[in-house]
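Structure record follows, encoded as C-alpha cells.
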Amino acid sequence: MFKKYPESVKIVFKNFPLSSHKFAKTAAAAALAAECQGKFWEFHDELFTHYRAINDQKILEIAKKLGLNEKQFEKDRQNPLILEKINGDYAEGQRIGVKGIPSVFMNGRHVENRDLGQLSNIIDQELKKTHKKQK
C-alpha cells in the first residue's frame with residue numbers, strides 16, 4: 001500500500017511483544033537497537049522470517065548478517081529508553097484493543113480485513129473524506 005500511495009500513506013510501527021513468545025521483548029529491543037544503525041526494517045524482516053527460532057544466538061546472527069556494529073548494537077539493546085518505548089507501545093496497544101499481531105489501524109480505526117484489495121478500498125474512502133474536508 002505504501003508503494004501504491006507514497007504521498008498519502010504513513011506506516012507507523014508499534015511494538016506489541018506477545019507474552020506467549022519467550023523472546024518477543026528481546027527481539028523487539030534488538031530491532032529498535034538495529035534502528036539506531038538504520039537497519040530496523042531489515043532486522044524486523046529477519047526476525048519474522050525466523051520467528052520460530054528466535055533466541056539470543058539468532059539475534060546476534062542477524063546483527064552480524066546485517067553488518068551492524070556489534071558493540072554498539074549490544075549497548076543500544078540495553079538502553080532503558082528502548083525498554084520504555086516497548087512498554088509504552090504495548091500499553092497503548094492494550095488501551096486501543098489490540099489482541100494479536102499483526103494488527104492494522106487506519107486513521108484510528110482497527111481494520112479487521114487486511115486483504116490488499118480491501119485495504120486499498122479503505123484508503124481510497126479515507127482520501128475522499130480528506131479531499132472533501134479540504135475543499
Side-chain angles (χ1 to χ4, degrees):
M1 292 296 103
F2 187 68
K3 288 178 183 175
K4 185 174 179 181
Y5 303 94
E7 301 296 319
S8 305
V9 171
K10 178 181 177 185
I11 298 173
V12 177
F13 181 89
K14 298 285 187 163
N15 297 281
F16 198 79
L18 300 175
S19 59
S20 61
H21 193 302
K22 181 179 175 181
F23 287 95
K25 198 175 258 190
T26 301
L32 291 175
E35 180 178 35
C36 295
Q37 296 184 45
K39 299 277 185 165
F40 173 82
W41 287 111
E42 294 92 333
F43 207 98
H44 167 276
D45 293 349
E46 287 290 325
L47 288 171
F48 275 90
T49 297
H50 303 286
Y51 75 96
R52 293 185 191 273
I54 294 299
N55 57 33
D56 289 324
Q57 180 181 343
K58 180 53 88 176
I59 286 170
L60 293 176
E61 284 175 21
I62 294 169
K64 278 185 186 204
K65 177 180 178 181
L66 296 178
L68 298 180
N69 176 316
E70 294 174 49
K71 191 173 184 178
Q72 187 63 46
F73 175 73
E74 284 303 316
K75 182 180 176 187
D76 291 336
R77 276 187 358 150
Q78 305 307 317
N79 185 332
L81 294 176
I82 283 181
L83 183 58
E84 190 177 306
K85 166 119 177 79
I86 294 166
N87 290 338
D89 285 354
Y90 187 82
E92 180 183 7
Q94 286 186 309
R95 183 178 50 76
I96 63 175
V98 172
K99 302 279 189 252
I101 58 169
S103 288
V104 175
F105 286 79
M106 196 172 305
N107 289 343
R109 290 190 337 246
H110 187 246
V111 177
E112 294 284 334
N113 183 348
R114 296 184 309 264
D115 170 76
L116 292 180
Q118 181 65 22
L119 286 176
S120 185
N121 289 338
I122 294 169
I123 291 169
D124 289 338
Q125 290 170 7
E126 292 296 316
L127 289 172
K128 284 178 187 174
K129 287 180 197 176
T130 302
H131 292 308
K132 284 180 184 177
K133 288 179 186 177
Q134 291 176 353
K135 290 182 178 182

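Computed from heavy atoms alone, side chains included, the values below leave out hydrogens, waters and symmetry copies.
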Q: For side chain to side chain contact (heavy atoms under 4.5 Å, CB included), just list the numbers for Ile59 and Arg77, CA-CA rounded to whole Å, side-chain angles, deciding distance to a tenth of an Å, and then say yes or no.
A: CA-CA 11 Å; Ile59 286 170; Arg77 276 187 358 150; 3.0 Å; yes
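- Hydrophobic clustering (ILVMFWY, side-chain heavy atoms < 4.5 Å, transitive): Phe48 and Leu68 are in distinct clusters.
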Q: Please lay out, stage by stage, how Leu60 and Glu74 fare under the test side chain to side chain contact (heavy atoms under 4.5 Å, CB included).
A: CA-CA 9 Å; Leu60 293 176; Glu74 284 303 316; 2.9 Å; yes
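- No hydrogens or angles considered: nothing links the side chains of Lys22 and Asn55 as a donor-acceptor pair under 3.5 Å.
- With rounding to the nearest 0.5 Å, the separation of CG in Leu18 from NZ in Lys99 is 13.0 Å.
- Remark: side-chain polar atoms of His50 are not paired, donor with acceptor, to backbone N or O of Ile62 under 3.5 angstrom.
- Residue pairs meeting the ring pair (Phe, Tyr, Trp, His ring centres under 6.0 Å) criterion with at least one partner in residues 85-108, sequence neighbours excluded, are Phe16-Tyr90, Phe105-His110.
- The six-membered or imidazole ring of His44 lies near that of Phe13, with a centre-to-centre distance under 6.0 Å.
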Q: Could you go through the side chain to side chain contact (heavy atoms under 4.5 Å, CB included) check for Gln118 and Asn121 one step at a time?
A: CA-CA 5 Å; Gln118 181 65 22; Asn121 289 338; 4.3 Å; yes
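- Judged purely by atom type and a 3.5 angstrom limit, Ser120 has no side-chain atom pairing as donor or acceptor with the backbone of Leu116.
- Under 4.0 Å is where a charged nitrogen must lie from a carboxylate oxygen, and between Lys85 and Asp89 at least one such pair does.
- The distance from atom NZ of Lys4 to atom CG of Asp124, rounded to the nearest 0.5 Å, is 6.0 Å.
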**Q.** Verdict with reasoning, His21 to Ile54, per side chain to side chain contact (heavy atoms under 4.5 Å, CB included)
**A.** CA-CA 9 Å; His21 193 302; Ile54 294 299; 4.1 Å; yes
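- Of the inter-residue distances, the one linking Ile86 atom CD1 with Leu81 atom CG reads 11.0 Å to the nearest 0.5 angstrom.
- Note: Glu46 CD to Lys39 NZ = 10.5 Å, rounded to the nearest 0.5 Å.
- A donor-acceptor pair under 3.5 Å is absent between the side-chain atoms of Glu70 and the main chain of Ala63, judged by distance alone.
- Two different hydrophobic clusters hold Tyr51 and Phe23 under the rule that ILVMFWY side chains link at heavy-atom gaps under 4.5 Å.
- For the ring pair (Phe, Tyr, Trp, His ring centres under 6.0 Å) condition, the pairs that include at least one residue of residues 54-80, sequence neighbours left out, are Phe43-Phe73.
- Note on Arg109 versus Glu126: salt bridge recorded, some NZ/NE/NH1/NH2 to OD/OE distance being below 4.0 Å.
- Val9 and Leu127 end up in the same hydrophobic cluster when Ile, Leu, Val, Met, Phe, Trp and Tyr side chains are linked at under 4.5 Å.
- Under the 4.5 Å side-chain contact rule for hydrophobic residues, Tyr5 and Met106 share a cluster.
- Between Glu61 and Lys58 there is a salt bridge, with a side-chain nitrogen of the basic residue lying less than 4.0 Å from a carboxylate oxygen of the acidic one.
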